[in-house]
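Heads up, the thing below is written out as structure tokens.
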Number of protein chains: 2
Amino acid sequence: MAVLLGPLADRDAWSAIGECPIEKTMAVAGTKSAMLIMREAYYGTTRFDDFARRVGITKAATSARLSELVSAGMLQKRPYQEPGQRVRDEYVLTDAGRDFMPVVWAMFEWGRNHLPNNTRLRLTHLDCGADASVEIRCEKGHSVPPDELGVRVVRRSRPEGQ
Amino acid sequence: MAVLLGPLADRDAWSAIGECPIEKTMAVAGTKSAMLIMREAYYGTTRFDDFARRVGITKAATSARLSELVSAGMLQKRPYQEPGQRVRDEYVLTDAGRDFMPVVWAMFEWGRNHLPNNTRLRLTHLDCGADASVEIRCEKGHSVPPDELGVRVVRRSRPEGQ
DNA sequence: CAGTATCCATAAAGATACTG
DNA sequence: CAGTATCTTTATGGATACTG
């Protein structure tokens with residue numbers, strides 16, 4: 001891949017541009033259980049015990065991971081109350097959590113294409129019935145192949161209209 | 001997200017469909033250092049010491065991760081020889097490794113959008129100059145929003161399957 | 001430059017028991 | 001159902017020294 005950024009000579013070079021976002025994302029949600037909890041959230045799971053059972057991890061791990069994902073802004077606690085029960089919290093996706101979907105489903109797609117025994121699963125666009133996948137695209141609508149992708153550093157970062 | 005697969009009642013349900021590809025992908029390349037080594041590979045790095053220095057990990061970790069990524073089929077050893085030096089191996093991307101790019105760049109995009117201090121970085125389509133991003137699309141060309149994505153299980157072609 | 005070997009610290013996660 | 005509290009094992013990775 002040709003890059004505008006270029007391979008950085010060493011890790012210190014990243015500090016000049018605010019650290020590597022990949023590394024920071026991995027620090028926040030880069031564990032196996034965190035990814036699977038996000039998978040469950042996309043499947044519609046919201047309750048503590050459901051996360052623990054469906055992901056297949058202990059309650060201790062579930063507790064730790066849910067707290068971290070809430071801190072990271074990917075999940076949000078929402079109070080609910082079953083009749084005759086005390087008020088509890090469930091864990092629902094935030095916009096930032098939904099924005100994380102390409103990460104999880106890109107792993108899904110890579111695994112089913114490159115690891116054994118997953119040929120039966122497909123991502124699907126429910127509205128039209130066609131199979132879906134995760135791809136890299138530019139704003140002009142081109143599909144971007146590996147050798148045409150680059151990273152650039154913009155001069156100054158500020159939100160539009162400021 | 002509405003799903004055809006639906007939230008699986010427990011983790012054992014995955015075994016009926018060959019285990020979860022997300023989980024298997026995380027098992028194979030789901031560490032922070034593995035992701036950063038793949039980042040470096042996309043930037044064009046191929047040499048052992050360059051991986052270690054640019055990722056910022058020890059040689060021991062570099063050695064372990066490179067071996068795992070070769071076993072996973074994402075990198076490939078290729079012999080080379082500098083004049084006057086012995087033959088060594090460098091680590092180059094395979095097709096499967098290039099197919100992993102959406103995972104890494106989706107993390108890049110999520111991090112720069114949702115974590116502080118990364119607003120200066122942009123993915124770019126080098127051929128046309130437009131900014132790029134990672135998105136979920138169906139074969140008919142629709143961009144697939146979170147609530148329109150599903151997972152389906154295709155029927156076994158093999159009669160022995162069930 | 002490209003590793004291997006050793007020892008040590010921390011993080012992730014399982015097992016189990018307990019609480020309201 | 002929704003957690004917390006221990007205790008233990010394994011995974012990850014740093015520090016350092018050594019090799020061809």
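Only heavy atoms go into these numbers, but all of them, side chains included; no hydrogens, no water, no symmetry mates. Naming: A, B, ... by sequence-line order, numbering from 1 per chain.
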Euclidean distance, atom OH of residue B/Tyr80 to atom C1' of C/dC1 [Å, nearest integer]
6 Å
Same hydrophobic cluster for A/Val92 and A/Leu66, using side-chain heavy-atom links shorter than 4.5 Å among ILVMFWY?
no
Separation of C/dG3 P from B/Arg53 CZ (nearest whole Å)
15 Å
Are there any protein N/O atoms within less than 3.5 Å of an N/O atom in nucleotides 7-10 of chain C, and if so, which ones and at what distance?
none

Basic-acidic side-chain contact under 4.0 Å: A/Arg152, B/Asp131
yes
So A/Tyr91 and A/Phe48, would you call those rings parallel, tilted or perpendicular, with 30° and 60° as cut-offs?
tilted
Rounding to a whole Å, what distance do you find between A/Gln85:CD and D/dA2:C1'?
10 Å
Between B/Asp127 and A/His142, does a side-chain contact (heavy atoms from CB on, under 4.5 Å) hold up when you go through it step by step?
CA-CA 10 Å; B/Asp127 281 27; A/His142 307 125; over 6 Å; no
Considering the terminal five base pairs at each end of the helix from C/dC1-D/dG20 to C/dG20-D/dC1, what angle separates the two local helix axes, rounded to 10°?
40°
Residues 15-32 of chain A vs salt bridge (Lys or Arg N to Asp or Glu O under 4.0 Å), sequence neighbours excluded, gives A/Arg11-A/Glu23
Can B/Val104 and B/Met101 be said to form a side-chain contact (heavy atoms from CB on, under 4.5 Å), step by step?
CA-CA 5 Å; B/Val104 174; B/Met101 289 182 76; 5.9 Å; no
Under the 3.5 angstrom rule, does the side chain of A/Tyr43 hit a backbone N or O of B/Val3 as a donor-acceptor pair?
no
Nearest-Å distance, CG (B/Leu66) to P (C/dA2)?
11 Å
side-chain contact (heavy atoms from CB on, under 4.5 Å) assessment of A/Val144 paired with B/Leu123
CA-CA 10 Å; A/Val144 182; B/Leu123 287 183; over 6 Å; no
Taking ring pair (Phe, Tyr, Trp, His ring centres under 6.0 Å) as the definition, give me every residue that meets it alongside B/Phe108, ordered by chain and number, with sequence neighbours left out.
B/Trp105
OP1, OP2 of D/dG3 versus side-chain N and O of A/Tyr91: anything below 4.0 Å?
yes
List the protein contact pattern of nucleotides 6-20 of chain D with one symbol per nucleotide (5' to 3'): B for base contact, S for sugar-phosphate-only contact, - for none; contact means a heavy-atom distance under 4.0 Å.
------SSBB----B
So which pairs with a foot in residues 99-115 of chain A pass salt bridge (Lys or Arg N to Asp or Glu O under 4.0 Å), sequence neighbours left out?
A/Glu109-A/Arg112
Between C/dT4 atom C1' and B/Asp49 atom CG, what is the distance in whole Å?
13 Å
Value in whole Å for how far the C1' atom of D/dA2 lies from CZ of A/Arg47
11 Å
Any link between B/Val154 and B/Leu5 through a network of hydrophobic side chains (Ile, Leu, Val, Met, Phe, Trp, Tyr) touching at under 4.5 Å?
no
Does C/dG3 have its OP1 or OP2 closer than 4.0 Å to a side-chain nitrogen or oxygen of B/Ser63?
no
Find the distance B/Arg78:CZ to C/dA2:C1' and express it as a whole number of Å.
16 Å
Please report, rounded to the nearest Å, how far the P atom of C/dA12 is from the CG atom of A/Leu36.
15 Å
